[in-house]
Trainee: 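One structure, pasted below without further comment.
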Amino acid sequence: MHLILLETSDIQSYLFATNRLRENVGASRLTYRACTQFVLEAVKHLGGPNLWSNDREKLRENLATKQPSPNIPIEIIIATAGKALLLVKDKKVAQTIVSEVTERALREAPGLDICGVISEPFDWDTDKIHLQVKKLHDSFQEIRSSRPYPSARFPSLPIATLCANSGLPAQGVDKDGTEISAISHFKQIATSDYHAQQFSNLSWIAIVHAKVNGIDQIFLEFDKHIGAGYNRNYLNKLRLFSLTLEKAIEKALIEAINRLSKPIIPLILGNTELCLICDGQIALELTYLFLKAFETSYEGIPLSACAGVAIAQPHFPLINTYTLAEELTEKTQILNKRIIGQSCSAMDFHIISNTSFTEISEIRQQLTIHQNTRLTAKPYIVTADNKHRWAKQHHIDGLLSRIRAILKRDDYGRHLLPSSQLHQLREGLLMGRDEADGRLKLILTTNPGFRTLLEQPSKSIFRLAEDGNWETRFLDALEAAPFWKNHENA
C-alpha cells in the first residue's frame, strides 16, 4: 500500500499577487479545485469512484458514503482546499495521479505551487498507518523545500512585455485587449461569472484570517482517538473528522453572514482555516459572530479558533493586509497557548492607517509608552465562561461594553460621549497614564457618562495587568467603534 499527499504552498502569494478582486477570487477557486476537482477527476480516470461535485455539501456526502470498497484501488481520505490525502494499492497508480494533477495545475492554474509525494510501501496488516502519515508529511517538507519556486517558470529574460496586473511576462491579452500574464489569464477564466461591483465603492476593505486552534497537533495525535481495527478505523475517523471540521467552519461562516448584509468573499474555506475579504465596516462583527458560532467538539476533542482582522483602504496592497491578518492570528494562538494553556477562541485586529508600520511587533511597540504602559489590551477572548484570570480580564465583553458606550446616542441622535471629548482623552493617552486620568477626571465633572470607561478597581482608564504593566481598553474600543455599528451584534 502507498499513501499520496498533494498540497499547495505559499497560497498567500498566489491569492494576492495583484489587488484585482477578480484575480483574487480566481486564484481562490483554482486553489480549491486543485486538491478537490483535479484530484478526484484523476482518481475517476484511473478506476476510482466518481466523487467530484461543484456542490460542497454533495461533495462531502460523496466522500463520506461512496467509499471505501475492496473493489476500488484508490481511497480518498482527505480532499479539501489546498490538501489531498489518498490511499492506493499500486505505486504506478500513485505516480499517475500525482503526474496528472500537477500537470493539470501547470496548464490550468499556472503559478500555483502544488507538490505531490508518495510514501514508501507499507503493509496494511502490520504497519500502523498514522506513522506512515507522519513520515509522508516529513518527506513532503523535504521535497517541497528542494523544488524551485513557481516564479522560476516565468523568466523575464529575454526582455518581454510585462503584464500590467502581475508584472510577469505577458503571454496573451484579456477581453479589453490588455496584455496579461498566463497567471492572470487563467485566474480571470476561473471567474468568468464573477461581478466585483459590490466592492467598487467601499472606503475600507478587510481581510479576516482564522485558524482552528492546535489543529496540527490534533492531526498528529489523532491515533489516540482510535479503537479496534486500527488502520481502517483510523482512516474512517480521520476522513469523518476532516469533513466534520470543514462543515463546521462553513456552517459558522454562513450563520455569521446571515446576521449581516454586506459583501463577503471567502478565499480559503478548508477544514483547518478560513480567509475572506469583506467590507471593512463589518469585519469585526463578522469575525466575532463566526468564532462564537464555530466553537464545538468532536468525540471529546474541544474545537475553537483564533482570528486576525486587518482593515485597510482599498489601495493598500492586499498581500500586506493578508500578511498582517495572518500574523495576528498566529500571535493570538501562541499567546493563548502560553498564557491560558487551553483551547479557547480569540481575536485580534488592526486598522491600517499608517502604511509605515505593517508588522504587528512594530505596531504594538508604537503602542507601548513609558516602558510599562500599553495603550492596548489585545487580543480578546471570545469563549464564554473561561475562568482563567487573564482570559477573564481580556474577554471581549469588556471591549464591547466600551464600544456600546462610545456609539450610544440620546433621543436627539447625539452621542452621549461627544467625539471632541473622546479625542481629548485619546490625546491624553499618548502623554501617559497621569495625563489621561487627569483629563478623564475633568471630563467627568461635566459628563458622568464617561464613567463607563473606568477600570475597576483602579477607577482609572488604565488597569494593572498580570505582568505588572498598565494597559487600557479605551483605545481599542475607540479604534473599533467606527467598524462596529450594529448594537445587536455588540
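Since the model is a prediction, treat every value here as computed from it, not as a measurement. Quick note: residue numbers are just sequence positions, from 1.
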Trainee: Please name the pair of heavy atoms, one in V117 and one in L136, separated by the smallest distance, quoted to 0.1 Å.
Mentor: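 The pair with the smallest heavy-atom distance is CG2-CD1, 3.6 Å.
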Trainee: Measure across H350 and L324 and return the closest heavy-atom pair with its distance rounded to 0.1 Å.
Mentor: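 Closest approach of H350 to L324, heavy atoms only: CD2-CD2, 3.8 Å.
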Trainee: Taking all non-hydrogen atoms of both residues into account, name the closest pair between L286 and C278 and its distance.
Mentor: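 It is CD2-SG, 4.2 Å.
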Trainee: Around atom CD of Q141, are there more than 12 heavy atoms from other residues, nucleotides or ligands closer than 6.0 Å?
Mentor: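 It does: Q141 CD has more than 12 such atoms within range.
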Trainee: Would you give the length of the straight line joining atom OG1 of T191 to atom CZ of R22, rounded to the nearest 0.5 angstrom?
Mentor: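 Result: 4.5 Å between the selected atoms.
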Trainee: Nearest 0.5 angstrom please: L400 CG to H395 NE2, how far?
Mentor: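 Taking CG in L400 and NE2 in H395, the distance rounds to 9.0 Å.
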Trainee: So, using salt bridge (Lys or Arg N to Asp or Glu O under 4.0 Å) as the criterion, who are the partners of D127 when residues are at least two apart?
Mentor: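 Scan of D127 (salt bridge (Lys or Arg N to Asp or Glu O under 4.0 Å), adjacent residues dropped) gives none.
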Trainee: W52 versus V43: any side-chain heavy-atom pair under 4.5 Å?
Mentor: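 No, their side chains stay 4.5 Å or more apart.
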Trainee: Rounded to the nearest 0.5 Å, what's the gap from CD1 on I282 to CD1 on I264? Could you check?
Mentor: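 I282 atom CD1 to I264 atom CD1 measures 4.0 Å (nearest 0.5 Å).
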Trainee: Going by an N to O cut-off under 4.0 Å, is there a salt bridge joining R239 and E75?
Mentor: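 A salt bridge is present here (some side-chain N lies under 4.0 Å from a carboxylate O).
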Trainee: Hey, can you tell me if Y234 and H130 have their rings parallel, tilted or perpendicular (30° and 60° cut-offs)?
Mentor: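 Plane angle between 30° and 60°, so tilted.
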Trainee: Around E57, counting heavy atoms of other residues, nucleotides and ligands shown, do more than 12 lie under 6.0 Å from its CD?
Mentor: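 Yes, the 6.0 Å shell around CD holds more than 12 heavy atoms from other groups.
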Trainee: Establish, for the pair K128 and Y230, whether the NZ or CZ atom is under 6.0 angstrom from the six-membered ring centre and no further than 45 degrees off its axis.
Mentor: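 So K128 does make the cation-pi contact.
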Trainee: Can you tell if the side chain of K44 reaches within under 4.5 Å of the side chain of L51, non-hydrogen atoms only?
Mentor: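 When only atoms from C-beta onward are counted, L51 and K44 do not touch, as no gap falls below 4.5 Å.
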Trainee: Between OG1 of T102 and CZ of F38, what distance do you get to the nearest 0.5 Å?
Mentor: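 Rounded to the nearest 0.5 Å, the OG1-CZ separation comes out at 11.0 Å.
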Trainee: Do the rings of H209 and Y322 sit parallel, tilted or perpendicular, given the 30° and 60° boundaries?
Mentor: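 Taking Y322 first and then H209, their aromatic rings stand perpendicular (interplane angle over 60°).
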Trainee: Check whether any side-chain heavy atom of F290 sits under 4.5 Å from a side-chain heavy atom of I249, and report yes or no.
Mentor: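 Of all side-chain heavy-atom pairs linking I249 with F290, at least one is under 4.5 Å.
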Trainee: Where the side chain of S139 meets the backbone of K135, is there a donor-acceptor pair that is under 3.5 Å apart?
Mentor: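 Such a contact is absent between S139 side chain and K135 backbone.
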Trainee: To the nearest 0.5 angstrom, please state how far the NZ atom of K378 sits from the CG atom of L367.
Mentor: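 These two atoms lie 7.0 Å from each other.
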Trainee: Do the side chains of Q12 and I319 get nearer than 4.5 Å, heavy atoms only?
Mentor: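 Yes - at least one pair of side-chain heavy atoms lies under 4.5 Å apart.
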Trainee: Would you say D279 and L260 make side-chain contact, with heavy atoms under 4.5 Å?
Mentor: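 Side-chain contact under 4.5 Å: no.
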Trainee: Which atom pair, heavy atoms only, marks the closest approach of G308 to L328?
Mentor: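 Here G308 and L328 meet closest at CA-CB, 3.8 Å.
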Trainee: Could you measure the distance from the CD atom of E7 to the CG atom of D113? Nearest 0.5 Å is fine.
Mentor: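 It is 10.5 Å, given to the nearest 0.5 Å.
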Trainee: Just list the side-chain donor-acceptor pairs under 3.5 Å for residues 79-88, sequence neighbours left out, or say none.
Mentor:
residue: T80; atom: OG1; partner: E246; partner atom: OE1; Å: 2.5
residue: K83; atom: NZ; partner: H137; partner atom: NE2; Å: 3.0

Trainee: Taking L245's backbone N and O only, do any of them form a donor-acceptor pair with N271's side chain (distance below 3.5 Å, no angle check)?
Mentor: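 Not at all, since once roles are kept as given, no pair shorter than 3.5 Å links the two residues.
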Trainee: For L15, is there any backbone N or O sitting under 3.5 Å from a side-chain donor or acceptor partner on N24?
Mentor: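 Between the backbone of L15 and the side chain of N24 there is a qualifying donor-acceptor contact (under 3.5 Å).
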Trainee: Might you point out which heavy atoms bring P379 and H394 nearest each other, and give the distance in Å?
Mentor: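 Closest approach of P379 to H394, heavy atoms only: O-CB, 3.8 Å.
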Trainee: Can you label the angle between the F483 ring and the W204 ring as parallel, tilted or perpendicular, going by 30° and 60°?
Mentor: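 Rings of F483 and W204: perpendicular, as their planes differ by over 60°.
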Trainee: The criterion is side-chain contact (heavy atoms from CB on, under 4.5 Å); which residues satisfy it with K58, sequence neighbours excluded?
Mentor: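 Counting only residues at least two positions away or on another chain, K58 forms a side-chain contact (heavy atoms from CB on, under 4.5 Å) with S53, D55, E61, N62.
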Trainee: Going by heavy atoms in the side chains, are L253 and L276 under 4.5 Å from each other?
Mentor: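 Of all side-chain heavy-atom pairs linking L276 with L253, at least one is under 4.5 Å.
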Trainee: Show your working on side chain to side chain donor-acceptor pair (under 3.5 Å) between E295 and S345 and close with a plain yes or no.
Mentor: CA-CA 7 Å; E295 288 193 334; S345 295; 2.9 Å; yes
Trainee: I'd like to know whether NZ of K89 has more than 12 heavy-atom contacts from other residues, nucleotides or ligands below 6.0 angstrom.
Mentor: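 Counting neighbours around NZ of K89, more than 12 heavy atoms of other residues, nucleotides or ligands fall under 6.0 Å, so yes.
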Trainee: Grab the two heavy atoms, one from A256 and one from L289, that are nearest each other, plus how far apart they are.
Mentor: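 Closest approach of A256 to L289: CB-CB, 3.8 Å.
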